Amino acid sequence: SSGINAEYGYGMGYSSDYVVYHELIMTAREYMQCVTSVEAEWLAELGPMFYSVKESITSIEENKAKAAERREQMEAELAEAEQELEAQRERELAPSSRSNIVTPGHGPGTPSVRSTPRRLGF
């Protein structure tokens, strides 16, 4: 690839970092025919056994920023869930204003406390 002329950019309007070609013509100079420009990610995706793409510094920094944002969001959700759980525990442990005493033989619609009959004449 060191002796190949970089004239493949003719007609594309720019010179690309990565190209795929169909034919290599050997004259006094080497020329590529049927050339198309490709992205580095495409090569890594379609031929991972031959190519890999190293992350640039900007993409590493972006990934760190996204990870920090996700971590903050997860911590906020965790704090909210812990507050809800604590409130639920407090509701369960707080004594209710009226405690129900269940007497055997009485259903939910009937009064659970029976009044004693008053004695007459005393």
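Source: prediction; values computed, not measured. Just so you know, these numbers use all the heavy atoms, side chains as well, and skip hydrogens, waters and symmetry mates.
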Contacts of [X] that satisfy side-chain contact (heavy atoms from CB on, under 4.5 Å) - sequence neighbours left out:
{"X": "S52", "answer": "none"}
{"X": "L85", "answer": "Q88, R89"}
{"X": "E39", "answer": "E41, W42"}
{"X": "Q33", "answer": "E23, I25"}

Roughly how far apart are [X] [atom1] and [Y] [atom2], rounded to 0.5 Å?
{"X": "E69", "Y": "R71", "atom1": "CD", "atom2": "CZ", "value": "11.0 Å"}
{"X": "E86", "Y": "R91", "atom1": "CD", "atom2": "CZ", "value": "10.5 Å"}
{"X": "E61", "Y": "K64", "atom1": "CD", "atom2": "NZ", "value": "7.5 Å"}

Shortest non-hydrogen contact from V19 toward V38: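 Residues V19 and V38, closest heavy atoms: N-CG2, 4.2 Å.
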Shortest non-hydrogen separation from L43 to Y18 and the atoms involved: CD1-CD2, 3.8 Å
